Asker: 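There's a structure below that I have some questions on.
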Amino acid sequence: MSDCVFCKIAAGEIPAAIVKRDGRFVAFRDINPQAPTHLLVIPTHHVASLNQSKDAALLGELLAFARDLAQETGIGERGYRVVFNTNPDGGQTVFHLHLHLLGGRPMTWPPG
Ligand code: AMP
Ligand code: ZN
């Protein structure tokens, strides 16, 4: 989508601190980090939210990509949190499907 900030990051049209990419996904640092490690993982093609994602295989690959990224960034063993904020009550502000990978400190529960 032409007006989507995450599509532009995936296309290299606006800068981001990209940490990993393959043909399907891009991972980059959240501009407003909520933990010492706070990465966003997105599919390179536009999907607005989890509600619009009809490709279960892609969702599984996205999770596996995030799991591997957690290991590669050194937070895998101590632990981490994966979040999909979805729609307004879920706290979603950017409507391109993304997974938050948070780690580097103990997380609390329940979330706010
Ligand atoms: P959500 O609230 O789940 O939609 O998350 C959107 C996230 O994207 C927020 O944590 C923002 O800090 C982050 N964000 C927005 N714009 C950018 C950007 N240009 N580069 C990196 N992260 C961004
Ligand atoms: Zn997009």
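Both backbone and side-chain heavy atoms feed into the values below; hydrogens, waters and symmetry mates do not. Every number for a ligand or one of its atoms is a count from 1 in the order of the listing. Because the structure is a prediction, the values reported are computed rather than measured. For this chain, numbers begin at 1 and follow the sequence in order.
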Asker: Within the 4.0 Å heavy-atom shell around R29, which atoms of ligand 1 are there?
Answerer: 21 (C)
Asker: Could you tell me if the side chain of V26 sits less than 4.5 Å from the side chain of H98, heavy atoms only?
Answerer: no
Asker: Considering only heavy atoms from C-beta outward, does the side chain of F28 approach that of I9 to under 4.5 Å?
Answerer: yes
Asker: Can you figure out which of V5, N32, I9, D30 has its heavy atom closest to atom 11 (C) of ligand 1?
Answerer: D30
Asker: Counting non-hydrogen protein atoms only, what is the nearest one to atom 21 (C) of ligand 1? Give residue, atom name and distance.
Answerer: I31 N, 3.4 Å
Asker: For ligand 1, is H100 a contact, meaning one of its heavy atoms is under 4.0 Å away?
Answerer: yes
Asker: Can you report which non-hydrogen protein atom sits closest to atom 4 (O) of ligand 1, along with the distance?
Answerer: T93 N, 2.7 Å
Asker: Measuring from the heavy atoms of F84, does anything fall under 4.0 Å of ligand 1?
Answerer: no
Asker: Counting non-hydrogen protein atoms only, what is the nearest one to atom 1 (P) of ligand 1? Give residue, atom name and distance.
Answerer: H98 NE2, 3.1 Å
Asker: What number of protein N, O or S atoms occur at distances under 2.8 Å from the Zn ion (ligand 2)?
Answerer: 4
Asker: Between L99 and F25, is any pair of side-chain heavy atoms under 4.5 Å apart?
Answerer: no
Asker: Would you mind reporting whether L50 and N87 have side-chain heavy atoms less than 4.5 Å apart?
Answerer: no
Asker: Within the distance-only criterion (no hydrogens, no angle test), does the side chain of R24 pair as donor or acceptor with the backbone N or O of L62 below 3.5 angstrom?
Answerer: no
Asker: Angle class for the H100/H38 ring planes (parallel below 30°, perpendicular above 60°, tilted otherwise)?
Answerer: tilted
Asker: I'd like to know if the side chain of R105 and the backbone of Q34 have a donor-acceptor N/O pair within less than 3.5 Å.
Answerer: yes
Asker: Would you indicate whether the side-chain heavy atoms of L97 and Q52 approach each other to under 4.5 Å?
Answerer: no
Asker: Would you say H96's side chain and P43's backbone share a donor-acceptor pair under 3.5 angstrom?
Answerer: yes
Asker: Does any non-hydrogen side-chain atom of V83 lie less than 4.5 Å from one of L101?
Answerer: no
Asker: Enumerate the atoms of ligand 1 whose separation from the nearest heavy atom of Q92 is less than 4.0 angstrom.
Answerer: 4 (O)
Asker: Could you check whether any side-chain heavy atom of F65 comes within less than 4.5 Å of a side-chain heavy atom of R21, counting everything from C-beta outward?
Answerer: no
Asker: Does the residue F95 have a heavy-atom contact with ligand 1, meaning some pair of atoms that are separated by less than 4.0 Å?
Answerer: no
Asker: Determine, using heavy atoms of G91 and all atoms of ligand 1, whether some pair is separated by less than 4.0 Å.
Answerer: yes
Asker: Counting only heavy atoms not in D22, do more than 12 sit closer than 6.0 Å to its CG atom?
Answerer: yes
Asker: Any nitrogen or oxygen of I14, side chain or backbone, less than 3.5 Å from one on ligand 1?
Answerer: no
Asker: Report the part of L40 in contact with ligand 1, treating N, CA, C, O as backbone and CB onward as side chain, heavy atoms under 4.0 Å; options are side chain, backbone, both, neither.
Answerer: side chain
